[in-house]
Amino acid sequence: MESINELDRELPVLEPYFVQHPELAGKTKNGIRITWLGHASVMVEMDDLIFLTDPIFSHRASPFSFAGPKRFRGPPCTIEMLPKIDAVVISHNHYDHLDYNTVLGMNARFGTELRWFVPLGLLNWMQSCGCENVIELDWWEQNCVPGHDEVTFVFTPCQHWCKRTPFDDNKVLWGSWSVLGPSNRFYFAGDTGYCAAFEQIGKRFGPFDVAAIPIGAYEPRWFMKKNQHVDPEEAVRIHADVRAKKSVAIHWGTFALANEGDKVSATKKDKSSRKREDRKCGVCAIKLPVLYKKKLCQSCTDEVLHTEQPSLLENIKSLIKKEVQSSVSSLSQTLLPQPPPPKKEENICGRV
């Protein structure tokens, strides 16, 4: 509960601009506008088109209304509040990305004017929901919205899996989407582990103006790493691989699907315990008070201001140099993408 309250304070759920000003929707000239609607749902406005990625407006990511992962932060708007949507792209059939009630609601609101782009194997399910304007694609296949031939929707690979019942393991394909327009390019990574496909996508279709890349539900790593979900560090690698100019972090802050909360709590406790550790002066090693902010005791600080002793000054320089090197090393490990693993062309994304 504490982490949720902190999230609400630091990044509150805001009403999207189009609720009060629907007349502004789609008016981006030659630019691109991204509105995060929670989890992996993003509204993209580019090249005279408005489309959604993996929309979910329900309060549970589950086949049941009474059980399953529940939102701890509500959607910022309802389906009725949306502007006219031209298309929806679906990455795969997991419940937090393909929501039955949302599909019914979107179809009821927009009907056959709304084009659905879905992975191979999902056409029959979509038609059973009453959707008629459905395009089913395999990896690297492409299509467009009628009347907007200049914008191409390409279904591209990623590393994941599909399942909605105990009997349909990987009967539906999974993937990411590359949307290529005359003025803008957008990449939606969907749900994915890290793989060599992202570098291929970057070479074929990059650079992208904006990419939506998942960063959440990544713990424990022994279970999530291979073909489930990337962690934030791997998300940075995807950003670099697809050659995105800017990226939006998705797949976090909406449903509690993994154990990151435990990791955050442990990190806070660890930081708190480190603060209570004994601290010593960097020159004379005398114990410093807990709340004392400086690296040196007051006596050594005063002496530095008046001394000409080379040995003491060298100690100070050495201490400062060590601190700078430590900070640079830590920052490099956090921000710089690591080299990708060896490519396996015969099975780059777990697909048999």
Side-chain angles (χ1 to χ4, degrees), residues 1-8 11-16 19 36-43 52-82 85 88-111 114 116 118-119 121-131 134 160-172 174 190-192 214-220 223-224 227-229 250-265:
M1 183 60 68
E2 180 184 349
S3 59
I4 295 175
N5 292 336
E6 182 179 358
L7 184 60
D8 287 336
L11 193 66
V13 177
L14 302 178
E15 183 180 80
V19 174
W36 184 41
L37 301 177
H39 202 53
S41 304
V42 175
M43 190 179 88
L52 298 181
T53 67
D54 289 357
I56 176 168
F57 292 90
S58 296
H59 287 279
R60 288 191 187 273
S62 168
F64 310 108
S65 60
F66 57 87
K70 185 178 181 180
R71 299 182 83 117
F72 57 82
R73 307 181 87 201
C77 66
T78 65
I79 293 175
E80 290 70 28
M81 295 175 179
L82 291 171
I85 304 298
V88 171
V89 297
I90 300 295
S91 64
H92 65 298
N93 70 356
H94 287 159
Y95 287 97
D96 57 321
H97 294 259
L98 179 63
D99 178 61
Y100 176 71
N101 289 322
T102 297
V103 172
L104 294 183
M106 296 283 292
N107 188 54
R109 166 90 194 275
F110 300 107
L114 175 62
W116 298 84
V118 303
L122 199 52
L123 177 62
N124 290 339
W125 188 92
M126 296 296 299
Q127 290 178 337
S128 72
C129 295
C131 301
V134 183
H160 206 54
W161 57 287
C162 281
K163 184 182 181 73
R164 278 180 83 88
T165 74
F167 313 105
D168 67 345
D169 292 43
N170 295 332
K171 295 296 177 61
V172 173
W174 57 91
D191 241 3
T192 186
I215 65 167
Y218 57 85
E219 290 286 348
F223 178 69
M224 293 290 187
N227 64 354
Q228 302 268 14
H229 300 145
I250 61 171
H251 204 268
W252 70 283
T254 309
F255 296 99
L257 300 175
N259 298 335
E260 289 96 288
D262 297 339
K263 184 176 183 179
V264 171
S265 298

Seminar exercise, completed: Sequence neighbours excluded, the answer for side-chain hydrogen bond (donor to acceptor under 3.5 Å, both in side chains) partners of Arg73 is Asp8

Exercise. Is His39 close to His251 at the side-chain level, that is, under 4.5 Å between some pair of heavy atoms?
Worked result: yes

Exercise. Is there a side-chain contact between Leu37 and Pro55 (heavy atoms, below 4.5 Å)?
Worked result: no

Problem set entry | From Trp125 atom CH2 to Cys131 atom SG, the distance as rounded to the nearest 0.5 Å | 7.5 Å

Problem set entry | Spacing of CG belonging to Asn124 relative to SG belonging to Cys129, to within rounding of 0.5 Å | 11.0 Å

Problem set entry | Pairing residues for Ser91 by the side-chain hydrogen bond (donor to acceptor under 3.5 Å, both in side chains) criterion, not counting sequence neighbours | Asp54

Exercise. Would His94 and Arg164 satisfy side chain to side chain contact (heavy atoms under 4.5 Å, CB included), going step by step from the backbone distance to the final call?
Worked result: CA-CA 6 Å; His94 287 159; Arg164 278 180 83 88; 5.9 Å; no

Seminar exercise, completed: Taken to the nearest 0.5 Å, the spacing of Ser58 OG from Asp96 CG works out to 11.5 Å

Exercise. Do any N or O atoms from the side chain of Thr53 and from the backbone of Ala40 form a donor-acceptor pair under 3.5 angstrom?
Worked result: yes

Exercise. What's the spacing between His59 NE2 and Asn101 CG if we round to 0.5 Å?
Worked result: 11.0 Å

Exercise. Can you check side chain to side chain contact (heavy atoms under 4.5 Å, CB included) on Val103 and Ile90, steps first, answer last?
Worked result: CA-CA 11 Å; Val103 172; Ile90 300 295; 5.8 Å; no

Exercise. Does the side chain of Leu122 reach to within under 4.5 Å of the side chain of Trp116, using non-hydrogen atoms?
Worked result: no

Exercise. Do Thr192 and Pro214 come within less than 4.5 Å of each other through their side chains, counting heavy atoms only?
Worked result: yes

Exercise. Hey, are the side chains of Leu14 and Pro76 touching, using non-hydrogen atoms and a 4.5 Å cut-off?
Worked result: no

Problem set entry | Heavy-atom closest pair, residues Glu80 and Arg109 | O-NH1, 3.4 Å

Problem set entry | Partner residues of Asn107 under the side-chain hydrogen bond (donor to acceptor under 3.5 Å, both in side chains) criterion, sequence neighbours left out | none

Exercise. In terms of ring plane angle, is the pair His92 and His97 parallel, tilted or perpendicular, where the classes change at 30° and 60°?
Worked result: tilted

For this session: Apply side chain to side chain contact (heavy atoms under 4.5 Å, CB included) to Thr78 and Phe57, showing your working.
Result: CA-CA 7 Å; Thr78 65; Phe57 292 90; 5.7 Å; no

Exercise. Would you say the side chain of Tyr95 lies within less than 4.5 Å of the side chain of Phe64, judging by non-hydrogen atoms?
Worked result: no

For this session: Can you measure from CE (Met43) to CD1 (Ile85) and round to the nearest 0.5 angstrom?
Result: 5.5 Å

For this session: Might you work through the side chain to side chain contact (heavy atoms under 4.5 Å, CB included) test for Met106 and Leu82, ending with a clear yes or no?
Result: CA-CA 10 Å; Met106 296 283 292; Leu82 291 171; 3.9 Å; yes

